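What follows is a set of notes on a single structure, which appears directly below.
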Amino acid sequence: MGDNFIRICFLCLMSICLYSCAAPENGGTAARESEYATLEGQFFSIDTKTMPESGGEGNSENASIESPSEPAEMHQETLTEEPQTVTEKEVSDKDTVSETENPLAAYRRTVEESGDGMSFSLIDLDGDEILELVVTDHETYSIYTIKDGGVFCLADSFYTVSFTYFEGKGVIAGFDRWNGGGDEGGYGLYYYPVSTDRTVTDGEMPLLRFEYNAVYDENGEYTGEGIEEYFYLDQQTDEATYREIMDTLGISENGFIDLENVVSAEEILEAIY
């Protein structure tokens, strides 16, 4: 009986010890949570983004506690990314790109290599959005366009007393005169369609040609009359056929434009940039 009493006392003592060891741990956890929940009657919230990861040491120095007394806008600013702004460099780069994308800029080298004493003009020869460049010394005329991003010569050193063209029709015209020209002399008009398939050169056979020659009597006196002749590909034809071909090209003898507004190299370079 004495042994049983001792054994019962021993079990009771052990139970008291085990209960004493477990109680402080649970009580400590509750105490730490209450510290974050209240402080001198003021509620606080815990920023879970700055809490230690699972398995780490949960000490209060690693927790970020924010007070609701701080304005909400302050925290919103920290969470919102700053708006992106366009820098001066980005604007400059954009302008540079837009300039290089200007197709007329390809004419720069042509202008610079044309030599001294040359004049320049921009014309709308074929009716597209890209103007053609005319380079002249006032006796010969070269015409350039943009093809596949590069410069293509439509007419090379085209000689004429007066250069004219038909806007948007892709046709240029030359004028020549002899025996003084006018009604008492002789003159001719020559029409050349141009395209990016080939380059028109000086002396090339025109598609259409018109010539006028004054008539003189046996004494060398002007009779007041003249002979008009019409040619298609260097073959003489009648006026009706000649006019019909002009209609097909969409041109007329009164529809041409004289090249009058020519400028210097410096001025044309400013125009194409």
Side-chain angles (χ1 to χ4, degrees), residues 86-177 181-182 187-204 206-208 249-273:
V86 180
T87 64
E88 292 182 1
K89 182 179 184 303
E90 289 172 340
V91 173
S92 177
D93 291 344
K94 183 178 180 181
D95 291 341
T96 302
V97 171
S98 63
E99 287 179 4
T100 57
E101 288 177 351
N102 177 10
L104 297 185
Y107 290 142
R108 181 181 180 87
R109 183 174 180 181
T110 303
V111 173
E112 293 174 340
E113 295 180 352
S114 294
D116 298 332
M118 305 300 287
S119 298
F120 306 86
S121 183
L122 292 171
I123 64 174
D124 182 12
L125 184 55
D126 54 12
D128 63 8
E129 297 180 354
I130 302 175
L131 298 178
E132 281 67 45
L133 173 70
V134 180
V135 182
T136 180
D137 58 4
H138 303 282
E139 289 186 356
T140 60
Y141 297 79
S142 295
I143 308 168
Y144 301 90
T145 191
I146 304 298
K147 177 182 179 181
D148 299 329
V151 178
F152 179 82
C153 183
L154 296 172
D156 185 22
S157 301
F158 180 72
Y159 176 82
T160 177
V161 174
S162 176
F163 173 80
T164 58
Y165 68 98
F166 296 84
E167 187 173 54
K169 304 300 182 181
V171 178
I172 62 175
F175 174 79
D176 197 7
R177 59 180 173 229
Y187 59 88
L189 291 168
Y190 311 90
Y191 302 92
Y192 299 84
V194 296
S195 71
T196 55
D197 295 332
R198 64 184 184 89
T199 301
V200 175
T201 58
D202 186 44
E204 184 175 321
L207 178 68
L208 292 175
L249 295 173
I251 64 175
S252 66
E253 290 179 346
N254 297 324
F256 61 81
I257 298 176
D258 288 310
L259 187 71
E260 297 177 346
N261 299 321
V262 294
V263 298
S264 66
E266 291 77 10
E267 292 172 308
I268 201 68
L269 287 174
E270 291 181 1
I272 63 179
Y273 278 94

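This is a predicted model, so every value here is computed, not measured. All heavy atoms count here, side chains included; hydrogens, waters and symmetry mates do not. For this chain, numbers begin at 1 and follow the sequence in order.
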[X] side chain to [Y] main-chain N or O, any donor-acceptor pair under 3.5 Å?
X: Asn102; Y: Ile272; result: yes
X: Lys147; Y: Thr196; result: yes
X: Thr136; Y: Ser119; result: no
X: Asp258; Y: Glu260; result: no
X: Ser121; Y: Asn261; result: yes

Approximate separation, where rounding is to 0.5 Å, of His138 NE2 and Met118 CE = 8.5 Å
side-chain contact (heavy atoms from CB on, under 4.5 Å) assessment of Thr164 paired with Ile172 = CA-CA 6 Å; Thr164 58; Ile172 62 175; over 6 Å; no
ask   = Hey, does Leu122 have a side-chain heavy atom less than 4.5 Å from the side chain of Leu133?
value = yes
query = Would a 4.5 Å heavy-atom cut-off, applied to side chains only, mark Phe152 and Thr199 as touching?
reply = yes
query = What do you reckon, are the aromatic ring centroids of Tyr192 and Phe158 less than 6.0 Å apart?
reply = yes
ask   = Passes side-chain contact (heavy atoms from CB on, under 4.5 Å), Leu249 versus Tyr191? Steps please.
value = CA-CA 10 Å; Leu249 295 173; Tyr191 302 92; 5.5 Å; no
task = Go through the steps for Leu125 and Ile143 under the test side-chain contact (heavy atoms from CB on, under 4.5 Å), then give the verdict.
result = CA-CA 10 Å; Leu125 184 55; Ile143 308 168; 4.3 Å; yes
ask   = Would you call the rings of Phe163 and Tyr141 parallel, tilted or perpendicular, where under 30° means parallel and over 60° means perpendicular?
value = parallel
ask   = So which of Val111, Leu269, Val262 actually passes side-chain contact (heavy atoms from CB on, under 4.5 Å) with Phe120?
value = Val111
The single option from Ile123, Ile146, Val194 passing side-chain contact (heavy atoms from CB on, under 4.5 Å) against Glu132 = Ile123
message = Quick one, Asp156 with Asp202, criterion side-chain contact (heavy atoms from CB on, under 4.5 Å). Give me CA distance, side-chain angles, the key distance, then yes/no.
response = CA-CA 7 Å; Asp156 185 22; Asp202 186 44; over 6 Å; no
